[in-house]
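Here is the structure we will look at.
Keep in mind that what you see is a predicted model, and the values were worked out from it rather than measured.
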Amino acid sequence: MPPSVPPRAPDAAPASGVGRADAWFAHPGRSVAWERRLGPLDPLERGRLAALREPMAARAYAVLHVLARDVLGQVVGAKPGQLVFDRTCARCGDEHGSPRLVGHPGVHVSLSRTPDLVAVAVSTDAPVGVDVERVAATRFAGFDGVAMHPSERSRDLDDAARAVSWVRKEAALKALGAGFVVDPAALRTPQPGRAVLVLPDRPPVTVVDLPLGDGGHVGALALAAAYGTVEVTAHEAPGD
């Protein structure tokens, strides 16, 4: 992370204990057999997949959702195709909200994808949010205006710092179940390892950066609780 870090969001107190989460990563470009693994997907997932006309986007969507079913099936001891998700949006009631695993309220899940990297996060400690993004995705005119708090906008920030700010905010909002119905430019960037109040009417969140080992991507994970430490166990999905 470059030294020119945006100002942090206000700390929440007290923060104690250890929150734990697991994160699985897959590279869609290595998943050459993904089209043969679509059997467990539900009708909503299949419909959304069919609507994606860009091949890389479709492959990333499929790999992510197959991975999520594989992972959660192992967590709860069920076959991937037996899992049922509730995606009801709390704001409008449509089926485009964050996925919740029906019958397992203590298992929290979050998904994120780019064309060449996808992530699934699971925690049984607290609601979880994960986000991965390409650093290059910040390279468009007006990014600061739509993504950065006014106090964070600086010519000293490079593309990686801007992308880190984005994924920390999005991971925190996902953990809180808010998504980007909240304007990210209205939020200060949570700093890693600190319990912070991102939204005044929601619980605190604790955000950590994900060491992806990939200079082209950045990632963050958040738990919706005030932890002194968040431990993330990373898993690389086997290529097929």
Given side chain to side chain contact (heavy atoms under 4.5 Å, CB included), test Val207 with Gln191 step by step and report yes or no.
CA-CA 7 Å; Val207 178; Gln191 294 302 296; over 6 Å; no
Could you see if Val75 belongs to whatever hydrophobic cluster contains Val84? Use Ile, Leu, Val, Met, Phe, Trp, Tyr and a side-chain cutoff under 4.5 Å.
no
Between the side chain of Thr206 and the main-chain N/O of Tyr227, is any donor-acceptor distance below 3.5 Å?
yes
May I ask whether Met148 and Val146 are part of the same hydrophobic cluster, defined by side-chain heavy atoms of I, L, V, M, F, W, Y residues being less than 4.5 angstrom apart, directly or through others?
yes
Evaluate side chain to side chain contact (heavy atoms under 4.5 Å, CB included) for Val102 paired with Phe85, printing each intermediate quantity in order.
CA-CA 6 Å; Val102 174; Phe85 294 98; 5.8 Å; no
Note: Ala171 and Ala220 closest approach over all heavy atoms is CB-O, 3.6 Å
What's the separation between atom CZ in Arg188 and atom NE2 in His149, rounded to the nearest 0.5 Å?
4.5 Å
Does the salt bridge (charged side-chain N to carboxylate O under 4.0 Å, His left out) test come out yes or no for Asp42 and Arg69, once each step is laid out?
CA-CA 10 Å; Asp42 64 26; Arg69 287 182 172 273; 3.3 Å; yes
Flag the pair Trp34 / Pro28 as yes when at least one side-chain heavy-atom distance between them is below 4.5 Å, and no otherwise.
no
Stepwise, does the salt bridge (charged side-chain N to carboxylate O under 4.0 Å, His left out) test hold for Glu133 with Arg168?
CA-CA 10 Å; Glu133 188 54 84; Arg168 289 179 186 170; over 6 Å; no
So Arg202 and Leu197, do their side chains get closer than 4.5 Å, heavy atoms only?
no
Do any N or O atoms from the side chain of His27 and from the backbone of Gly29 form a donor-acceptor pair under 3.5 angstrom?
no
With a 4.5 Å heavy-atom cut-off, do Val122 and Val128 have their side chains touching?
no
Distance (rounded to the nearest 0.5 Å) between Asp125 CG and Glu231 CD:
10.0 Å
Heavy-atom side-chain contact between Val120 and Leu64 under 4.5 Å:
yes
Could you go through the side-chain hydrogen bond (donor to acceptor under 3.5 Å, both in side chains) check for His217 and Asp116 one step at a time?
CA-CA 9 Å; His217 293 82; Asp116 36 22; 2.8 Å; yes
ILVMFWY cluster, Val118 and Met56 together (side-chain gap under 4.5 Å):
no
Picking from Arg155, Arg153, Arg162, what satisfies side chain to side chain donor-acceptor pair (under 3.5 Å) with Asp144?
Arg162
Distance check, rounded to the nearest 0.5 Å: Leu176 atom CG versus Leu223 atom CG?
10.5 Å
Inter-residue atom distance Leu187.CG - Leu199.CG, 0.5 Å rounding:
6.0 Å
Evaluation steps, side chain to side chain contact (heavy atoms under 4.5 Å, CB included), between Glu95 and Asp86:
CA-CA 8 Å; Glu95 285 287 315; Asp86 177 10; 3.9 Å; yes
Does any N or O in the side chain of Glu170 come within less than 3.5 Å of the main-chain N or O of Val167, such that one atom is a donor and the other an acceptor?
no
Closest non-hydrogen atom pair between Ala224 and Pro203, with its separation:
O-CB, 4.4 Å
Ser110 (side chain) donor-acceptor with Val130 (main chain) under 3.5 angstrom:
yes
When clusters are formed by joining ILVMFWY residues with side-chain heavy atoms under 4.5 Å apart, either directly or through shared neighbours, do Leu38 and Leu67 land in the same one?
yes
Any Val198 side-chain heavy atom under 4.5 Å of Pro190 side chain:
yes
Please answer whether the main-chain N or O of Ala33 pairs with a side-chain N or O of Ser31 as donor and acceptor at a distance below 3.5 Å.
no
Using the rule given for salt bridge (charged side-chain N to carboxylate O under 4.0 Å, His left out), can you reason through Asp70 versus Arg37, listing the C-alpha separation, both sets of side-chain angles and the distance that settles it, and then say yes or no?
CA-CA 11 Å; Asp70 286 346; Arg37 301 204 58 221; 2.8 Å; yes
Does a side-chain heavy-atom distance below 4.5 Å link His65 with Pro40?
no
Apply salt bridge (charged side-chain N to carboxylate O under 4.0 Å, His left out) to Arg59 and Glu54, showing your working.
CA-CA 9 Å; Arg59 181 171 60 186; Glu54 204 286 311; over 6 Å; no
If only atom types and distance count, is the side chain of Arg46 paired as donor or acceptor with the main-chain N or O of Leu41 below 3.5 Å?
yes
Closer than 3.5 angstrom, by distance alone: can the side chain of Lys174 be matched with the main-chain N or O of Leu111 as a donor-acceptor pair?
yes
Parallel, tilted or perpendicular: which one describes the rings of His235 and Trp24, with boundaries at 30° and 60°?
parallel
Side chains of Val132 and Ser112: does their closest heavy-atom pair fall under 4.5 Å?
yes
Taking Lys169 for the side chain and Thr189 for the main chain, is one N or O donor matched with an acceptor at less than 3.5 Å?
no
Heavy-atom closest contact (Val208 atom, Gly193 atom, distance)
CG1-N, 4.3 Å
Val18 reachable from Leu221 in the ILVMFWY side-chain graph, under 4.5 Å edges
no
If we only count heavy atoms from C-beta on, is the His104 to Leu83 side-chain gap below 4.5 Å?
no
From CZ (Arg20) to OG (Ser123), nearest 0.5 Å:
10.0 Å
Point-to-point distance, once rounded to the nearest 0.5 Å, from OG of Ser165 to CG of Leu157:
8.0 Å
Backbone N/O of Leu117 and side chain of Thr114: donor-acceptor pair under 3.5 Å:
yes
